[in-house]
Number of protein chains: 2
Amino acid sequence: MAETATKRAGRPLDTAKRDAIVAAASDAFFELGFAASSIEKIAADAGVSKVTVYNHFGDKSALFSAAVERECEKMRGHFSIDMSSSANVRDRLLTIGQSMHAFLSRPEMVQFERRIAAETADEPQIGLAFLNAGPRRMRAAFSAFLAHADTTGELSVPDPDLAAEQFASMCKGFGDLERRFGAPPDPDRDALRIERAVDLFMQAYAPAK
Amino acid sequence: MAETATKRAGRPLDTAKRDAIVAAASDAFFELGFAASSIEKIAADAGVSKVTVYNHFGDKSALFSAAVERECEKMRGHFSIDMSSSANVRDRLLTIGQSMHAFLSRPEMVQFERRIAAETADEPQIGLAFLNAGPRRMRAAFSAFLAHADTTGELSVPDPDLAAEQFASMCKGFGDLERRFGAPPDPDRDALRIERAVDLFMQAYAPAK
DNA sequence: GACAAACTGAACGCAGCCGTTCAATTAAAC
DNA sequence: GTTTAATTGAACGGCTGCGTTCAGTTTGTC
């Protein structure tokens with residue numbers, strides 16, 4: 001087999017055009033949904049002919065998958081937690097909670113989750129790709145942080161994975177639900193929820209003196 | 001004005017047909033989504049002609065609203081909590097958590113939430129109708145339970161609304177997310193999550209002796 | 001420079017579906 | 001029995017959109 005078969009005679013596929021197509025597809029798919037998006041409009045927005053879209057992706061589903069992959073890729077970088085901070089655990093939890101909330105409550109993210117969840121009903125692997133790129137990564141990073149804090153004695157967390165879920169879930173609370181279903185934002189309430197989550201968490205997992 | 005104007009001459013609208021239409025519409029809309037559902041198939045499934053559907057509902061959006069209203073109506077009964085049980089608070093919390101989980105993790109409910117969230121992007125009032133019929137009612141009922149337990153001294157809950165959110169959110173945890181995005185079910189994990197939620201909650205809100 | 005393949009613009013076939021119209025039938029109210 | 005209106009089945013117009021085809025042009029590789 002020729003190595004990855006990238007060398008062929010003739011004009012190669014234009015990767016800049018490909019990127020433009022996927023970008024336009026993401027805009028359309030996650031704003032309007034899969035069914036309501038049209039290849040013709042995506043091609044026009046990308047400044048490309050419809051035939052080129054089919055030449056690159058074959059059909060609408062493959063283009064959708066590429067758009068999902070692109071968004072998931074954008075997500076993957078966002079879940080690192082600094083293990084060696086000088087601040088105390090309480091303050092760091094507060095910061096982490098606020099960062100998570102800021103990341104998740106962006107309208108684009110809310111909208112993206114809505115669309116992915118809907119398409120998951122027809123194509124489960126779409127949902128799993130999202131889970132692995134986003135929530136599970138986040139839980140793993142935060143769980144590692146908690147395990148680290150356990151070894152240093154700053155916290156006492158017997159089950160870091162489950163504790164991570166508890167904290168993240170409390171930070172999201174009903175605000176997550178309300179955003180997903182179109183309720184107007186309430187930043188004060190969101191902030192309060194995070195503070196109380198830290199309170200409860202510290203009360204439960206502070207090391208026994 | 002004639003009282004509700006129900007009495008007119010001629011043949012009245014067939015309410016049984018109406019019900020069959022809405023039932024078929026619910027099946028289609030929440031299984032396939034609004035765009036992917038066709039009036040023709042809904043009419044066929046309801047054993048009714050397409051003209052009758054238009055005669056009852058006018059257009060597709062109105063039929064969708066009727067289907068949402070029907071599902072919300074079915075939800076409204078499910079959120080009562082018995083205030084006068086003899087069991088201790090811990091056991092009752094466990095039962096409540098398990099009931100909530102059983103109600104929310106049904107595949108039809110997961111699917112319904114997916115579709116409503118997606119349609120909320122286009123029609124916010126759809127999402128708000130759902131919020132009011134479901135989650136907010138549930139929070140209100142559980143919050144009232146906590147407030148009651150506070151007055152009897154079984155718990156010490158300064159902010160019942162927020163505490164209700166914390167408990168419900170921990171019970172849902174990541175299981176909610178995983179279900180929505182198509183991960184296979186994990187009943188053991190779900191059960192553990194609820195038990196640990198009760199643990200944390202009792203630790204935080206047990207009355208000071 | 002020759003060749004191969006990507007790109008374009010336009011047109012096409014095909015399918016699905018919304019919402020309407022119409023004549024004929026059925027069923028309830030008076 | 002008469003009247004009023006719901007129901008039906010079929011057909012239609014109009015639109016949108018997927019995916020294909022084709023001739024012609026551009027842009028790379030050999």
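Reminder, nothing fancy here: chain letters follow the sequence lines and each chain counts from 1.
Electrostatic pairing of R90(B) and D199(B) counts as a salt bridge here, judged by a charged N lying under 4.0 Å from a carboxylate O. A salt bridge links R139(A) with E165(A): at least one charged nitrogen is closer than 4.0 Å to a carboxylate oxygen. Between R179(A) and D190(A), at least one side-chain N (NZ, or NE/NH1/NH2) sits under 4.0 Å from a carboxylate O, which counts as a salt bridge. Between D45(B) and K41(B) there is a salt bridge, with a side-chain nitrogen of the basic residue lying less than 4.0 Å from a carboxylate oxygen of the acidic one. The pair R76(B)-E73(B) counts as a salt bridge, with a side-chain nitrogen and a carboxylate oxygen less than 4.0 angstrom apart.
Relative to the side chain of T52(B), the nucleotides dT8(C), dA6(C), dT7(D) differ in distance, and dT7(D) lies closest.
Between the CZ atom of R18(B) and the C1' atom of dA5(D) there is a distance of 18 Å, given to the nearest Å. Atom CZ of F57(B) is separated from atom P of dG19(C) by 14 Å (rounded to the nearest Å). Atom CD1 of I42(B) and atom P of dG19(C) are 11 Å apart (whole Å). dT21(D) atom C1' lies 13 Å from atom CG of N55(A), rounded to whole Å. The CG atom of D14(A) sits 13 Å away from the C1' atom of dT8(C) (whole-angstrom rounding).
Taking every heavy atom of residues 19-31 of chain B and every atom of DNA chain C, no pair lies under 4.0 Å.
Close to dT7(D), at under 4.0 Å from its OP1 or OP2, lies a side-chain N or O of H56(B). A sub-4.0 Å separation between OP1 or OP2 of dT8(C) and a side-chain N or O of K17(A) is present.
In terms of heavy atoms, S37(A) sits closest to L32(A) at OG-CB, 3.9 Å.
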Contact list (N/O, under 3.5 angstrom) for nucleotides 16-18 of chain C vs protein:
residue : atom : partner : partner atom : Å
dC18(C) : OP1  : S37(B)  : O            : 3.2
dC18(C) : OP1  : I39(B)  : N            : 3.2
dC18(C) : OP1  : K60(B)  : NZ           : 3.2
dC18(C) : OP2  : I39(B)  : N            : 3.1

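Remark: E195(B) pairs with no residue by the side chain to side chain donor-acceptor pair (under 3.5 Å) rule, at least two apart or across chains. Applying the ring pair (Phe, Tyr, Trp, His ring centres under 6.0 Å) test to Y54(A) and every residue at least two apart in sequence or in another chain returns nothing. With sequence neighbours left out, the side chain to side chain donor-acceptor pair (under 3.5 Å) criterion links R136(B) to E178(A), N132(B).
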Go through D14(B) and R18(B) one step at a time and tell me if the salt bridge (Lys or Arg N to Asp or Glu O under 4.0 Å) criterion holds. CA-CA 6 Å; D14(B) 189 332; R18(B) 186 184 198 280; over 6 Å; no
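Residues F174(A) and M138(B) form a side-chain contact, since some pair of their non-hydrogen atoms from C-beta on lies under 4.5 Å apart.
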Nucleotide-resolved protein contact map, nucleotides 21-28 of chain C, B/S/- at heavy-atom distance under 4.0 Å: B----BBB
